[in-house]
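Worksheet: one structure, shown below.
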Number of protein chains: 2
Amino acid sequence: MASTHEPHPRGRSEVGDLDTIVSERLDLVDQRTTAARRSLVDILAGTTAPLTLREILELDAGLAQSSAYRNLAVLEEAGVVRRVVIGDDHTRYELAEDLTGHHHHLVCADCGAVTDFVLDDPAEQVLEAALDAAAAAAGFRAEHHRLDLVGTCRRCG
Amino acid sequence: MASTHEPHPRGRSEVGDLDTIVSERLDLVDQRTTAARRSLVDILAGTTAPLTLREILELDAGLAQSSAYRNLAVLEEAGVVRRVVIGDDHTRYELAEDLTGHHHHLVCADCGAVTDFVLDDPAEQVLEAALDAAAAAAGFRAEHHRLDLVGTCRRCG
DNA sequence: ATGAGTGCAAAGGCTTTGCATTAGG
DNA sequence: CCTAATGCAAAGCCTTTGCACTCAT
């Protein structure tokens, strides 16, 4: 379970590869690779933070709201997209971690902005060991963890 | 790395003290201490996991839904209650951490059940140090963190 | 051509709000 | 007493669903 440490690669450099991977994963769940789905993946691949549906629609003006919701659900089922619920506000969406690398979220309590960050490897390892122990103690089979740091961002501070 | 602290003290032993603290905090934000608010606090103090509104209402049949929402918002503003958003399902509520102790949540991906757990002290310290470093690097003023372990609970596993 | 994907509009479900009534300090 | 709190019902808001049309394979 390698944990990537550099700011994870959610850029456009590997979009070619990404398209292929996405198509394959859609095939696996018997879903077609459509323009709308490619567009959604490209949008998510082009940012460094999870986006709300509103933000996604602003970046792809020609997509119906309902189609966006439906396609994001399909992409989630295909293991391409992950839903991120951070506050009581809107749901956000990002690419699955195996496409971007394991990371966490900085959440501004003031403006609601969300940014990605990574823990250094030693800390991440200590954390994972401690979580495994806690899971074992509770008779819990651990899958993954979510870690948010809540505070005030540079602009609001 | 055993993390077997006892389930944090959200029991009824200190309810007397708790009532006093709650009244004081309500006073501080110019809110009255009413029966409904005391009841909500007692309910939250009586469990070991954050509750949904539905669960809360089941435990206090005589409280209107809207009053529950309003009072939980007041209690949150008073620093007595904390809103916990875990999945895309319902919001949950628990007592503020300074009343119960710092803890995290085990979330069953299958049935949605939520349970509290604590990290052992060394791990928590490593985590906090790493988070402080990450916050500093991002120009972020850290307030607190949230850590959920998602997996399968004993009953669903 | 044939079933999946899309857009539009309407329905759902949790949460919030308006307003008259009741109760806290 | 006088303002805040409560209950009921209606409104809001994000998200999902129904249905006819269009596109992908």
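What you see is a predicted model, and the numbers here were worked out from it, not measured in a lab. Naming convention: chains lettered A, B, ... in sequence-line order (proteins, then strands); numbering from 1 in each chain.
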So if I apply the side-chain contact (heavy atoms from CB on, under 4.5 Å) rule between A:R92 and each of A:L51, A:V85, A:V114, A:L53, which one comes out positive? A:V114
Which one, C:dG5, C:dT17, C:dT15, comes nearest to the side chain of B:L53? C:dT15
With no angle test and no hydrogens, is the base of D:dG18 tied to the side chain of A:R70 by a donor-acceptor pair under 3.5 Å? yes
Closest to the B:Y69 side chain, choosing from C:dT16, D:dT6, D:dG7: C:dT16
Rounded to the nearest 0.5 Å, how far does CG of B:L95 lie from CG of B:L44? 5.0 Å
For the atom pair CG (B:L40) and CZ (B:R37), what is the distance rounded to the nearest 0.5 Å? 9.0 Å
Checking the side chain of B:R25 only, and the main-chain atoms of B:G79 only, is there a donor and an acceptor separated by less than 3.5 Å? yes
Can you find a donor-acceptor pair, distance only, under 3.5 Å between A:S66 side chain and C:dC8 base? yes
Tell me which nucleotide among C:dG18, D:dT15, C:dG7 gets nearest to the side chain of A:Q65. D:dT15
Among D:dT6, C:dT6, D:dG7, the one nearest any side-chain atom of B:T34 is D:dT6
Which part of the nucleic acid does B:A73 contact within heavy-atom distance under 4.0 Å: base, sugar-phosphate only, or nothing? nothing
Can you figure out which of D:dG7, C:dG7, D:dC14 approaches the side chain of A:H90 most closely? D:dC14
From D:dT6, C:dG7, D:dA9, pick the nucleotide closest to the side chain of B:S67? D:dT6
So A:H102 and A:E124, side chain to side chain donor-acceptor pair (under 3.5 Å) or not? Walk me through it. CA-CA 10 Å; A:H102 178 54; A:E124 188 72 40; 2.8 Å; yes
What bend angle does the helix from C:dA1-D:dT25 to C:dG25-D:dC1 show across its length, from five-pair end axes and to the nearest 10 degrees? 40°
Consider the side chain of A:Q31, meaning its heavy atoms from C-beta on, and name the nucleotide among C:dG5, D:dT15, D:dC8 that approaches it most closely. C:dG5
D:dT17, D:dG7, D:dA5: which one has an atom nearest the side-chain heavy atoms of B:R32? D:dA5
